[in-house]
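Lettering of chains follows the sequences in order, A, B, ..., and the numbering in each one begins at 1.
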Protein chains: 2
Amino acid sequence: MATEEYHEQRRAQIAEAVERLVAAGGLDGATVARTAAEAGVSVGLVQHYFASKDDMLRYAYTRVTARAMDRVDRRSREIEQHHGTIRQAVRDGLCERLPLDEDRRAHWRVSFAFAARAVDRPDLAAVRNETEAAIRARLAEGIGHGHECGEVPEDVDPQTSAVWLMAAVEGLGLHVCLGAVPAAAALETLERNVMAVFPGRCRQHD
Amino acid sequence: MATEEYHEQRRAQIAEAVERLVAAGGLDGATVARTAAEAGVSVGLVQHYFASKDDMLRYAYTRVTARAMDRVDRRSREIEQHHGTIRQAVRDGLCERLPLDEDRRAHWRVSFAFAARAVDRPDLAAVRNETEAAIRARLAEGIGHGHECGEVPEDVDPQTSAVWLMAAVEGLGLHVCLGAVPAAAALETLERNVMAVFPGRCRQHD
DNA sequence: CGGTTGACAATATGTCCATATTGAAACCAG
DNA sequence: CTGGTTTCAATATGGACATATTGTCAACCG
């Protein structure tokens, strides 16, 4: 039905306003009234599409996590199409999650603001964990393939390494955003440590 | 002067109340009124000791970071006194920062709640970065010593590794608190990766 | 011993917020 | 044309909050 699509657009419009406000001033900045104003609609319309503020935020968060997944997906597919190594795909996929430019920095801030609240809110944690688990599984899969083609030593456990890499990237992002670590240093650290997991050369490449 | 000491106690009393409230319900849970009630004092008294709510929170945060530093300090000093390896000191020092039991979990939640807000607030970021830099420097120093006594291979850069380890522990803590990674898995991952930095055996031990 | 000052309590003020309510268009069914 | 339903806007309500103001009481001091 076309009306359902229209509704979806409205919700997206509101969710985008939420993202902009969160990027600017954290989750506290996204009040219902301000969101309505930012989206150019009335408070009543927001209420019409979301039963409560929590609903609105949760919906916005699902969009944010979906975008994060898309970013990683697109990047690793690009590498695949250019016949790159798994190491390249992993490195670039993980780099995509670091706040290295203004665009990724904004996305990172939004994503992190939600993550911070998720510590106290199981429903938000569920939204996050689902996507995060998918990305981590993809990563572990990549490392497993690295075993087969010789990029990764056999004693590297895919699961454990995936957990470790995901956690480190998360922490690096925070440190960069807090100004505790320069972006360049974070990038270098990440590359060096991905290299540690993928020291070998793929047998199918020259 | 004894009165200054008295004042310090009052501030500590209030800061402790803030910590309890933040542990229970995030930074939003710590309103001035609730903090006063939790500390068993009046709102007026809180205002008397802190010029603003931000002041109060910043003070509480400095105490939290100081405790984090103390924990690491105490732990590594313990190892030192028992003539343990640097690897043991580093491992235990980093473990201390993971939310593995209720006590550390509470402390981690408080610390993280502040860190999340610090993303938008340079003054809180400064409080955090100072302590964090000190801990990271200590860690890098330990890795450097590992070079000398043979625990750490020469091609491991102390600075880069310290940044990486700190970031990974930060991320692991978040994943554990969100329920994305079981505490046991986080611990195993951490131990395995500390082992990767310190594969060698200290020449001064049997 | 009267007054000044520091340490607090109680209350007042005004802002901001989530949500409920009311109502008005537009659209559709009969 | 009519009555109902969907979709939205405007406003009302009530609570929570940070902070200012005022009041109180004791100690210290000249």
Side-chain angles (χ1 to χ4, degrees), chain A residues 1-61 113-114 116-118 120-121 123-124, chain B residues 1-61 113-114 116-118 120-121 123-124:
Chain A
M1 218 192 244
T3 79
E4 184 50 40
E5 189 178 335
Y6 175 73
H7 293 175
E8 207 47 53
Q9 276 181 18
R10 290 304 231 179
R11 274 193 275 264
Q13 179 183 359
I14 294 168
E16 278 163 22
V18 169
E19 286 184 38
R20 283 194 297 274
L21 289 174
V22 172
L27 269 183
D28 294 341
T31 72
V32 174
R34 267 211 280 270
T35 299
E38 174 75 25
V41 301
S42 75
V43 174
L45 187 139
V46 174
Q47 289 177 306
H48 183 70
Y49 282 103
F50 298 102
S52 69
K53 186 190 179 185
D54 278 1
D55 249 39
M56 180 183 84
L57 293 180
R58 190 166 37 242
Y59 182 80
Y61 193 24
F114 277 105
R117 185 145 306 186
D120 286 312
R121 302 260 273 257
D123 60 326
L124 290 182
Chain B
M1 218 193 247
T3 81
E4 184 50 41
E5 187 178 336
Y6 176 74
H7 293 344
E8 207 48 55
Q9 276 183 16
R10 289 306 230 178
R11 274 193 274 264
Q13 177 185 358
I14 294 168
E16 279 163 23
V18 169
E19 287 185 37
R20 283 194 297 274
L21 289 174
V22 172
L27 268 184
D28 294 341
T31 71
V32 175
R34 269 212 280 271
T35 300
E38 174 74 24
V41 301
S42 73
V43 173
L45 186 140
V46 174
Q47 289 177 309
H48 184 69
Y49 282 102
F50 298 102
S52 69
K53 186 189 180 187
D54 278 0
D55 248 39
M56 179 183 85
L57 293 179
R58 190 167 35 244
Y59 182 80
Y61 193 26
F114 277 106
R117 184 144 306 187
D120 288 311
R121 302 262 274 258
D123 61 327
L124 291 183

Legend entry - Contact list for DNA chain D against residues 43-58 of chain A - heavy-atom distance below 4.0 Å: A:Gly44, A:Leu45, A:His48, A:Tyr49

Inset, instruction - Would you name the heavy atoms of A:Phe114 and A:Ala60 that are closest together and state the gap between them? - result: CZ-CB, 4.3 Å

Inset, instruction - Any chance you could measure B:Leu21, atom CG, to B:Arg34, atom CZ, to the nearest 0.5 Å? - result: 7.0 Å

Inset, instruction - Could you list by number each residue of residues 17-42 of chain A showing a heavy-atom separation from DNA chain D of less than 4.0 Å, or answer none if no residue does? - result: A:Ser42

Inset, instruction - Starting at CG of B:Leu57, measure out to OG1 of B:Thr35 and round the result to the nearest 0.5 Å. - result: 7.5 Å

Legend entry - Atom of B:Glu38, atom of B:Ala17 and distance for their closest heavy-atom approach: CG-CB, 3.6 Å

Inset, instruction - Kindly give the heavy-atom pair with the smallest separation between A:Ala24 and B:Asp120, and that separation in Å. - result: O-OD1, 4.4 Å

Legend entry - Phosphate-side-chain proximity, B:Arg10 and C:dC8, N/O vs OP1/OP2 below 4.0 Å: yes

Legend entry - Ionic contact status for B:Asp28 with B:Arg117, cut-off 4.0 Å: yes

When the side chains of residues 43-50 of chain B are checked against the rest of the protein, which donor-acceptor pairs come out under 3.5 Å, sequence neighbours left out?
residue	atom	partner	partner atom	Å
B:Tyr49	OH	B:His7	ND1	3.3

Inset, instruction - Write down the atom of A:Ala39, the atom of A:Ile14, and the distance for their closest heavy-atom approach. - result: CB-CA, 4.3 Å

Legend entry - Distance test, side-chain N/O of A:His7 to OP1/OP2 of D:dT7, below 4.0 Å: yes

